[in-house]
Amino acid sequence: MQAEEEHRYPGAAMLLHWAIAIAVIAQWRIAESAEHARSEAAGRAIMANHFSLGAVILVLVLLRLGWRAVQPNPPLARHLASWERVLSRTTHTLFYALLIALPLAGWLALSKYGSPVSVWDLVELPPLPVARDPAGAKAIFG
């Protein structure tokens, strides 16, 4: 029984994991909805939710990494081959990099338009200190 508990993540880590996973799936669906919006104005309104949720994801990921610094992950199962361990660590690292880079890229793109990120009209993240560059913003949004 104790060996099984050694490989269990704490409840806070699991909560953050699943909150991030659900938010990422919601992000994908929101972006899909914006692409198929009936008008440009409707698409912008939908994307406002996408930007808000992106900011929340960034905060959740930073909280998860903070938790991980204080409470390290349980060790990987001993029966895993070395290539499986490397693949596991590499995949986790790449996911965290994307979960940080993508919201920051959205914030950067909005900043290049000179726009803040409004998080559901509750909090406003000011534009980053970058030069206005609508063409660069469009390139980031792809």
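Every heavy atom of this structure was used, including side-chain atoms; hydrogens, water molecules and symmetry mates were not.
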Does [atom1] belonging to [X] count more than 12 external heavy atoms closer than 6.0 Å?
{"X": "E40", "atom1": "CD", "value": "no"}
{"X": "F141", "atom1": "CZ", "value": "yes"}
{"X": "W28", "atom1": "CH2", "value": "no"}

(request) Would you confirm whether Q27, through its side chain, and L53, through its main-chain N or O, come within 3.5 Å as a donor-acceptor pair? (result)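 No; zero donor-acceptor contacts below 3.5 Å.
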
(request) Verify, without hydrogens or angle tests, whether H92 (side chain) and S88 (backbone) share a donor-acceptor contact under 3.5 angstrom. (result)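 Yes; judged by distance alone, with no hydrogens or angles, the pair exists.
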
Nearest atoms (heavy-atom pairs only) where [X] meets [Y]:
{"X": "W107", "Y": "P126", "answer": "NE1-O, 2.9 Å"}
{"X": "L60", "Y": "L16", "answer": "CD2-CD2, 3.9 Å"}
{"X": "G114", "Y": "P127", "answer": "O-CG, 3.7 Å"}
{"X": "S33", "Y": "I46", "answer": "O-CD1, 3.8 Å"}
{"X": "P103", "Y": "L98", "answer": "CD-O, 3.9 Å"}
{"X": "S111", "Y": "V130", "answer": "CB-CG2, 3.8 Å"}

(request) With the side chain counted from C-beta on, respond yes when V119 and E124 share a heavy-atom pair under 4.5 Å apart, and no when they do not. (result)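 No - every pair of side-chain heavy atoms lies 4.5 Å or more apart.
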
(message) Between D121 and S118, do the side chains contain a donor N or O and an acceptor N or O under 3.5 Å apart?
(response)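 Yes, a side-chain donor-acceptor pair sits under 3.5 Å.
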
Can you tell me how far [atom2] of [Y] sits from [atom1] of [X], rounded to the nearest 0.5 angstrom?
{"X": "F51", "Y": "R44", "atom1": "CZ", "atom2": "CZ", "result": "11.0 Å"}
{"X": "I22", "Y": "I57", "atom1": "CD1", "atom2": "CD1", "result": "11.0 Å"}
{"X": "S82", "Y": "L76", "atom1": "OG", "atom2": "CG", "result": "12.0 Å"}

(request) Apply side chain to side chain contact (heavy atoms under 4.5 Å, CB included) to L58 and L102, showing your working. (result) CA-CA 9 Å; L58 181 59; L102 290 173; over 6 Å; no

Are [Y] and [X] connected into the same hydrophobic cluster when the rule is that any two of I, L, V, M, F, W, Y join if their side-chain heavy atoms are below 4.5 Å apart?
{"X": "L62", "Y": "M14", "answer": "no"}
{"X": "L104", "Y": "I140", "answer": "yes"}
{"X": "L122", "Y": "M47", "answer": "yes"}
{"X": "L99", "Y": "Y9", "answer": "no"}
{"X": "L63", "Y": "F95", "answer": "no"}

(message) Show, in sequence, the C-alpha distance, side-chain angles and deciding distance for R132 and K112, and conclude whether the side chain to side chain contact (heavy atoms under 4.5 Å, CB included) test is met.
(response) CA-CA 5 Å; R132 286 182 63 98; K112 286 183 169 287; over 6 Å; no

(request) Show the numbers, then the answer: is there a side chain to side chain contact (heavy atoms under 4.5 Å, CB included) between V56 and W120? (result) CA-CA 10 Å; V56 170; W120 291 298; 3.5 Å; yes

(request) Under the side chain to side chain contact (heavy atoms under 4.5 Å, CB included) rule, what do L65 and I100 come out as? Steps first, then yes or no, please. (result) CA-CA 11 Å; L65 289 173; I100 291 170; 3.6 Å; yes

(message) Under the salt bridge (charged side-chain N to carboxylate O under 4.0 Å, His left out) definition, can you give me all pairs with a residue in residues 79-97, not counting sequence neighbours?
(response)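 Sorted result for residues 79-97: empty, none.
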
